[in-house]
Every structure is written in C-alpha cells, then in structure tokens.
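In what follows, a structure is listed as structure tokens, so that the remarks can point back to it.
In what follows, every heavy atom counts, from backbone to side chain, and hydrogens, waters and symmetry copies are set aside. Reminder, nothing fancy here: chain letters follow the sequence lines and each chain counts from 1.
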There are 2 protein chains.
Amino acid sequence: MNTGVPQRKSTQRDVIYQELMKMTSHPTAIELYEVVRKVLPKVSLGTVYRNLDQLVSNGTIVKMSNGTSVRYDADMSKHIHIRCIICDTVADVHEISGDPIDTSYSELSGFKVISCNVEFFGICPSCLAKSMDKDLSD
Amino acid sequence: MNTGVPQRKSTQRDVIYQELMKMTSHPTAIELYEVVRKVLPKVSLGTVYRNLDQLVSNGTIVKMSNGTSVRYDADMSKHIHIRCIICDTVADVHEISGDPIDTSYSELSGFKVISCNVEFFGICPSCLAKSMDKDLSD
DNA sequence: TCAATAATAATAACGATTACTATTATAATC
DNA sequence: GATTATAATAGTAATCGTTATTATTATTGA
C-alpha cells in the first residue's frame, strides 16, 4: 500500500486531488480519470491510480469499497457512507451521533438499510513489532 | 448483486457456509475455496463465489473490502473490523460502545489506527421507487 | 548547469471475478 | 417410482480493474 512515500511536486497529483475535491459522487478511479482527462488530456490511468494511493496513504483522501467497486472521497469531515446495493450510489450521512451500527441512520438518508460494516485501517501488533525491529537495525 | 435469489438445497452451499463459520480469519473467496476443496475436492471456484454472493444477499454472512482484498465473515454478532494495511490481517473488536469513529478503539485491538470507514449497505430512494413500480406492474 | 531520481505516459501483464455451457441434482407433479 | 422443469454445478473462457514495466520527462538540490 505504499506506506513510505517520497513526495515531489506533481501537476498531475494536484489536478487529481482538486478534481476529486469538487466531486460529491465518490467516483471510482476510472470515473475520476475521465474528469482529469478534460484538464490534462495526456494523463495516464496508471498515474491516477498511483496518486490516489499516495493520497490515501497520506491520509489526504479516503478509499472505500463494497467488494465490487472501489470509490474515493476527498471529504475528510466526520461522516458515514451508505451505498446502494442495486445502483452502487454512495451517499453521505453527516448527522451522526450515538451508535452507527444502529440502523436507525437509514432514516436520515432515505435508504432501506440491509447491513453495515465498520472497518478501521491500521497496523497490527505483529507488523508494528516488525517495523520497530527494522528501525533499530537502520 | 443477485437480490432476488431462488434457493434450493445445495450440499456445496452448506459446506461453504459451515467451513466459513469455523474460521475466524475472515478468508478471501480463494482461501475459503482451498478449505472447501478438502471436503469437496471437485468443487468449482465459481460455485464458491456464487454461493458467497447468495449468502451475502441473504444477510447470512457479511463481505468486507479495503479495495484490495475482499473478505467474508460468518460472525453476525455486533462487532467492528480492524484491518492491517501492511499484512492485510483482519481482527475483530467486539467490545464496542459509544462512537466507533473515535479511534480510541485501537486500544482494544493493539492496532495503530490510521483511518476508519463506516459503511452501510442498502437500497437508495431511487431504486426503492423503481422496485415499487415494478411490483405494481407484475 | 548538472546530476540524481521521482514522476509520468504508454503499454503489457496479472489476477480476481464473472460469464458461458453442457451436465447433474433437486423438488414438484403425475 | 417415473417424469418434467429448472436451479445448481464443474469446467473453462472471457472480462476488466489494477499493477508492473520501461523509456522518457520533470523536479530538486548541489
């Protein structure tokens, strides 16, 4: 997942991030690629993927997936997502408080809620230990 | 995503579900396939995928993804997941209360938490309306 | 200006997932 | 129990999102 990332100025990365920030549709990499192409017609799809990964590793944007499509979001304000299992639309729910596993949040979005996944991302104890060993041997 | 699913008795599906229930490792489809093969050597990978989809649609199991690997979980008790961005391990956190977006949950798992995604799955207002139109025309 | 190297475009390769097709298993009806 | 309809399967081919590769370009620091 490209954790230790050298960063150098890049027009492509700037445009990718700027265009993502303008969008509220939680685009896939390919959808974003089509938008970025209007600004930078020669941009490569690989560049979009590489920079999105970097921005995710940075904590600048977030990535979400239901196992079918992977979508990106530049809105880092505290909110949850609700995804339609039929058309794959992702909507935001900003008004959160209490227990998100409680499906009463459906009322806020108009969705008929079927299930919920709460997933944290981080580094497990075993990998933490390994990275410490590595730091010491440097 | 195969919402309206005819269900007929199937040995393969029973074994797939039973083996998944025995596992706490949140296996991928292929990992589960290898396990199921020990019971049913002639089982096809497509059968594993098809039946996992049905079980997800049923609400019998859950599917989770970080955009890289898709993993399955037959434990339907209320809990959250925490995934290592390095080795891709997924651990369970059952002791939840309060606000899961608060990264203090990391203390329960020993993970160093980087980010969190809370995602509901359901049917959006637009698709709900379409399915109602369809019901009326039947 | 020059050297080192990160980032890129273009394209090839990969691999998880889905689609296809002939066959088999299930369940309902006779 | 035989017959029929069709869901489910095994085996395989095809698809497509993503990653890897490579030669070239752009950036940064000396």
- Nearest-Å distance, NZ (A/Lys42) to C1' (C/dA10)? 9 Å
- Query: Roughly how many Å is it from OH in A/Tyr33 to P in D/dT18, rounded to a whole number?
  - Reply: 14 Å
- Query: Could you give the distance from CZ (B/Arg50) to CG (B/Leu45), rounded to the nearest 0.5 Å?
  - Reply: 10.5 Å
- Task: Specify the closest pair of heavy atoms between B/Ala74 and B/Leu20, including all atoms of both residues, with the distance to one decimal.
- Result: CB-CG, 3.7 Å
- Query: Quick one: B/Tyr49 OH to C/dG15 P, roughly how many Å, whole number?
  - Reply: 13 Å
- Note on the structure: Considering only heavy side-chain atoms of A/Ser44, the closest of C/dA16, C/dA10, D/dA10 is C/dA10
- Think A/Gln12 has a side-chain N or O under 4.0 angstrom from the OP1 or OP2 of C/dA9? yes
- Note on the structure: Closest non-hydrogen atoms of A/Gln7 and A/Asn58, given as atom of the first, atom of the second and distance, are NE2-ND2, 3.1 Å
- Nearest-Å distance, CG (B/Asp14) to C1' (D/dA8)? 13 Å
- Cationic N near anionic O, under 4.0 Å, B/Asp53 to B/Lys63: yes
- Query: With a non-hydrogen cut-off below 4.0 angstrom, is B/Leu45 in contact with a base, only sugar-phosphate, or nothing?
  - Reply: base
Pairs under 3.5 Å (N/O, protein and nucleotides 26-30 of chain C):
{"residue": "C/dT26", "atom": "O2", "partner": "B/Arg8", "partner atom": "NH1", "Å": "3.0"}

- Item | Least distance between heavy atoms, A/Tyr72 atom then A/Thr28 atom | CD1-C, 4.4 Å
- Between C/dA7 (C1') and A/Leu40 (CG): distance, integer Å: 13 Å
- Do you see a donor-acceptor pair shorter than 3.5 Å between the side chains of A/His26 and A/Asp75? no
- Find the distance A/Arg50:CZ to D/dA20:C1' and express it as a whole number of Å. 11 Å
- Please give, in whole Å, the distance from C/dT8 C1' to A/Arg13 CZ? 11 Å
- Query: Which whole-number value in Å describes the distance from A/Asp53 CG to D/dT19 P?
  - Reply: 6 Å
- Note on the structure: Separation between CG (A/Asp14) and CD (A/Glu19), nearest 0.5 Å, reads 11.5 Å
- Could you check which of D/dA10, D/dA8, C/dA16 has an atom nearest any side-chain atom of B/Ile30? C/dA16
